[in-house]
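Every chain is numbered from 1 and lettered A, B, ... according to where its sequence line falls, protein lines coming before strand lines.
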Amino acid sequence: MNFDVSVLVRGVEGIADPEGRTVERALGALGFAGASSVRVGKVINLCLSADDTESARVEVEEMCDRLLANPVIERYEITIVPTKTS
Amino acid sequence: MNFDVSVLVRGVEGIADPEGRTVERALGALGFAGASSVRVGKVINLCLSADDTESARVEVEEMCDRLLANPVIERYEITIVPTKTS
Amino acid sequence: MPLTDITQLISDDRRHLPLGLLDEEYRSIIEILGRVPSDVELAMYSVMWSEHCSYKSSRIHLGRLPTKAKHVLVGPGENAGVIDVGDGVAVALRIESHNHPSFIEPYQGAATGVGGILRDIFTMGARPIALMDPLFVGPLEDAHSRYLLDGIVRGIGGYGNSVGVPTVGGQITFDRSYERNPLVNVFCLGVLPVDRLVLGQASGAGNLCVLLGSRTGRDGIGGVSVLASAGFRDDEGGSKRPSVQVGDPYEEKRLIEACLELLDAKLVVGIQDLGGAGLACATSETAARGGVGMDVDVRAVPRREPGMSAIEVMTSESQERMLAIITPSAVDQVLEVCRRWEIEATIVATVTGVDENGIGHLRVLDGPGGAVLADVPAKSLADDAPLYDRPMVAPPDLAERLDGGLANALVSPDYSEDLASMLVDPAWIYRQYDHQLFVNTIFAPGEADATLLRLAGPGIERSQKGLAMSSDANPAWCATDPRRGTRATVAESALNVSATGATPLALVNCLNFGNPEHPQVMWELSESIDGMAEACDALAIPVVGGNVSFYNESAGRDIDPTPTVAVIGLIDIIKHRPPSIGWRDGDFVVLLGERSANAAGSRWARDLHGIRSGQIDEVNLVIHRALCEFVSACVRDEAALEIAPDLVHGLHTIGDGGLGVALAEMCIASGIGCAVDQIVDHRELFSESVSRVLVATLCPTELISAARAKGLRAMEIGTVGGDRLIVSDLVDLKLEDLGARFHDRIDEALGEVASH
Amino acid sequence: MNENIAIIRFPGSNCEFDVEEAINRIGAHARIVWHHEHDLEGFDGVIIPGGFAHGDYLRCGAIARFSPVMEAVASLAELGGPVLGICNGFQVLTEAGLLPGALMRNAGMRFVCETVTVEVASNRSALTAEVAAGTRLRLPVNHGEGNYICDAETLSEIESSGQVVLRYANNPNGSLNDIAGITNRTGNIVGLMPHPERAFDLVVGSADGVPLLRSFVHSVEAFAKCRVVVGQV
Ligand SMILES: Nc1ncnc2c1ncn2[C@@H]1O[C@H](COP(=O)(O)OP(=O)(O)O)[C@@H](O)[C@H]1O
Ligand SMILES: [Mg+2]
């Protein structure tokens with residue numbers, strides 16, 4: 001089976017996010033005064049062939065732990081949906 | 001009202017994604033043979049105070065068009081939910 | 001308080017233990033204060049009296065290093081050493097380690113190491129213009145070591161490139177010793193007009209302290225001690241305290257520009273970076289140096305996170321912060337400069353006078369006029385940490401370790417293959433670093449024995465002078481005999497600098513050692529310091545700064561003693577590019593210096609054949625100094641004279657890898673082979689005796705007689721030409737193969753991305 | 001001394017002093033201008049130097065393009081004034097829409113700092129006007145995001161109209177068609193990834209940047225003259 005996988009990778013709470021802060025200042029300077037707590041992370045999309053959703057999830061978690069995220073300073077969130085065949 | 005905003009920014013289809021390609025090769029080298037079409041994008045989270053969801057959306061779209069995404073190479077996707085007050 | 005009471009009190013009150021303070025240390029604190037310390041006081045003592053901040057185990061040994069010379073403006077003890085280089089210009093230099101953080105998170109650990117050393121330099125009023133990064137990791141065959149190296153190099157490049165300071169040199173050592181404890185040492189050099197020199201000193205009661213830069217978060221709390229969360233009242237702690245610090249080179253860049261602008265405008269009285277032990281350190285050190293007191297309003301400190309305690313605010317190691325001491329009349333101008341650079345600036349403390357006993361107090365207040373959370377003599381935090389004369393003992397098997405018999409009895413079936421397998425091109429590393437910014441780089445990494453820069457920088461009058469710098473370490477030499485190994489390390493570094501035509505001026509060191517509670521480690525440190533002192537004395541190179549990193553151990557094993565040194569030198573006139581590694585077709589190859597046929601202590605014996613025992617030759621420092629002076633003079637003439645004498649076409653010092661590797665690197669650099677026929681045997685080919693230089697020349701007779709006139713040995717050993725490296729009876733290699741082996745080694749091992 | 005070339009300094013720029021020195025060495029005069037300035041009165045040419053404006057956060061050049069000075073840069077360019085973006089400056093110009101396309105992460109995903117060979121592909125630009133097409137130059141590159149990209153239509157347009165001004169002999173970053181530098185249709189706006197200012201003297205390894213910068217300086221002088229003439233009419 002094929003799955004569409006999306007992984008969101010974000011810094012852990014409390015850790016400094018210089019990129020987010022800089023974007024926040026830039027938004028402020030452009031007049032978007034209402035924006036706050038800006039944080040920038042990564043999104044990784046991929047196609048995965050696996051036996052079922054469960055084994056896909058196990059594999060993606062391993063990918064995250066080993067490569068996609070840095071467990072020391074990042075957290076990840078996985079979404080898996082079967083690929084629509086058209 | 002306060003809103004939690006999440007913006008996904010991804011490369012447009014058809015344009016090379018060097019980061020995605022590199023991650024794909026690295027995943028392959030780690031033995032994740034089933035992964036393909038890897039693409040890496042950005043996720044920007046922020047809090048926004050706005051009158052209602054609609055005006056929040058209008059404001060975030062403007063942020064994206066002006067700053068958060070580069071229309072030449074990127075597309076964006078916006079999700080807005082009212083902030084849960086606890 | 002009567003003694004018996006104190007003893008009872010200490011055994012009842014266990015607060016100090018999780019903070020890493022010993023009973024005796026707690027006793028000293030009670031004696032200093034004449035009472036039981038508050039939580040905030042205790043936390044400040046624990047970080048300030050940590051090994052990292054107080055040098056309590058090494059201080060009594062460091063005193064043996066020579067530190068004086070006419071041109072030394074500031075020696076050890078300040079944030080950086082400062083050297084006068086003439087015409088109203090000075091350079092500031094310093095080296096520091098960031099070993100443990102780089103093991104936990106290689107990218108951020110290395111990045112924040114760069115950030116920290118930069119602040120040490122610009123806090124003196126100098127503009128940082130050069131970084132070097134000596135690195136020590138496990139073997140390339142080990143996946144985790146590859147991951148660490150990849151992250152460390154990305155981190156150094158990520159921060160250094162972005163902050164706008166070129167990384168112009170370094171070194172890389174691969175060894176098992178570092179598999180679970182990589183070493184990341186970072187050197188920085190800055191230039192300044194002498195009259196911009198400032199010290200990290202507070203003065204003038206009523207003056208104000210402004211905190212500049214990033215907001216304070218829970219980063220690296222207790223990073224310098226073993227401060228455990230049990231020491232805090234709010235015990236949900238742990239997860240709220242990421243001890244990984246995240247660097248922001250963009251903030252640092254603006255901080256550099258803002259601080260230099262403040263100093264140029266003479267708006268600050270004193271300035272100090274916030275590093276280990278954060279605000280506690282910056283406030284107590286500046287007050288102690290100036291002999292004054294300080295009232296800190298802990299509530300005024302801008303925070304990144306809600307709910308931070310006073311202890312957290314005082315000891316946080318959040319990056320990219322500086323403390324400037326200014327007069328009240330300068331406030332508006334200071335805030336204006338900061339506003340332009342988008343630097344947050346907040347008044348957080350006031351300088352106070354001394355009490356009736358002449359003591360300046362550091363007080364921490366909960367809001368202006370609020371509760372006094374701490375009130376301690378500032379000097380007691382900064383200067384009164386206990387000093388330890390820890391037990392030392394030589395390793396029981398010293399005699400065996402020193403015996404070079406095994407190494408010198410080794411033979412190998414294929415010396416060509418041995419040589420080829422020892423070649424490593426560090427270009428994979430320095431290609432990822434901007435090493436050209438400021439367009440000062442005359443010799444980039446890999447081009448010569450030392451990096452050579454124009455002595456120039458934004459705001460510094462251009463001249464014809466050049467600055468040479470080399471960072472060196474050879475733990476294998478030091479593992480068997482730390483004293484001899486360190487002497488040789490200093491000698492090598494001085495010779496590298498001399499080989500660019502410069503005269504060595506000053507040295508800074510980073511002493512990376514194991515656990516100081518192990519008597520053998522203390523012996524290694526003491527021996528190493530003695531060796532450094534001997535070499536520096538004999539070569540007339542003052543030590544102007546240093547750093548000691550202890551507790552480098554993994555799986556209970558101490559690392560090999562790893563003293564890193566960086567030597568800088570000055571060359572007065574550069575009109576042409578001086579000769580460097582490489583040669584021309586038809587040159588003759590001359591070996592300058594002592595012959596050696598001692599394979600002991602060499603990389604060949606150790607890495608290829610597994611023999612770690614035996615020591616390299618002792619350096620004869622008198623001869624070595626003569627060699628440095630001779631080589632320097634020859635190269636200097638080539639660089640300075642209107643019509644260069646053309647005596648030296650190329651040169652390369654011999655060190656790690658020996659004569660064989662040096663010849664191979666000359667061939668690769670120029671794309672021309674050579675035929676050498678005066679090498680006695682493989683031991684001479686791989687000996688790492690340091691007082692030797694290969695010179696390529698068209699006039700061997702002249703060169704040899706000039707050298708002999710200085711009491712140096714010199715002989716012609718071969719000729720340049722062809723497309724092979726040939727050493728009679730030992731080596732015959734095609735240039736093409738040599739080049740491929742050299743260039744591909746790290747590239748192939750690292751590939752694109754390394755996983756955890 | 002008529003300092004008629006503005007070098008724009010953003011927070012995070014770092015090559016501004018080097019550009020200033022290189023321009024001064026060829027006998028012209030440049031002055032560093034803060035990004036908050038609203039007008040470029042008295043300047044006849046602009047150089048946006050390399051570095052990491054606004055930390056290169058989000059995308060290189062994305063935030064810098066909103067600086068007040070950028071409107072003045074666009075106006076000067078509109079009049080035909082020479083504008084040169086080097087490295088980060090090139091990224092700023094594409095983000096600002098003054099040059100087509102975009103610069104992405106290097107194909108190898110690593111920062112590259114080395115001296116490379118480039119070939120002048122067209123001399124229809126302010127930077128290359130005095131250097132014959134086909135000339136090979138040794139120039140330093142120093143970037144993590146120099147991978148030039150644009151859509152197929154734009155590519156064929158810039159290729160056919162001689163807007164590609166420099167090409168790598170050995171592509172260090174994966175850019176389309178080995179593109180190292182481009183210009184706009186009128187040739188007065190130029191962006192390139194290599195650093196000509198880092199090649200101003202053989203002592204520092206190469207002097208091949210000099211003919212390029214000299215050509216740019218002459219274009220600025222020519223524009224200044226024609227401005228005066230037009231002004232007088
Ligand atoms: N970690 C590093 N960072 C930057 N440059 C490095 C690094 N490691 C090595 N280099 C550079 O590579 C060149 C060769 O290094 P090395 O083999 O240690 O030289 P040598 O043995 O001649 O002292 C030197 O110019 C050095 O500065
Ligand atoms: Mg070395």
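Comparing A/S6, A/A56, A/S37, A/C47 by how many heavy-atom pairs each has under 4.5 Å with chain B, the most go to A/C47. No other option in A/A33, A/A26, A/G41, A/A50 has as many heavy-atom pairs under 4.5 Å with chain B as A/G41. Heavy-atom pairs under 4.5 Å with chain A peak, among B/V40, B/L68, B/V43, at B/V43. For the set B/M63, B/E59, B/E19, B/E62, the entry with the most heavy-atom pairs within less than 4.5 Å of chain A is B/M63.
For the pair A/L46 and B/V23, the minimum side-chain heavy-atom distance is 4.5 Å or more.
Rounded to the nearest 0.5 Å, atoms CZ (A/R39) and CD1 (B/I44) are 13.5 Å apart. Distance check, rounded to the nearest 0.5 Å: CZ of B/F3 to CG of B/D52 gives 6.0 Å. Taking CG of A/N2 as the reference point, atom NZ of A/K84 lies at 13.5 Å (rounded to 0.5 Å).
Contact annotation for B/L67: only side-chain heavy atoms (C-beta onward) come within less than 4.5 Å of a heavy atom of chain A. If you measure heavy-atom distances from A/A35 to chain B, the contacts under 4.5 Å come from both the backbone and the side chain. Proximity to chain B (any heavy atom under 4.5 Å) is shown, for A/E24, by neither the backbone nor the side chain. Only the side chain of A/L8 comes within less than 4.5 Å of a heavy atom in chain B; its backbone stays farther off.
A salt bridge links B/E77 with B/R10: the closest approach of a Lys/Arg side-chain nitrogen to an acidic carboxylate oxygen falls below 4.0 angstrom.
For the side chain to side chain contact (heavy atoms under 4.5 Å, CB included) test with B/I80, the passing option among B/D4, B/V7, B/L48, B/V60 is B/V60; the others fail.
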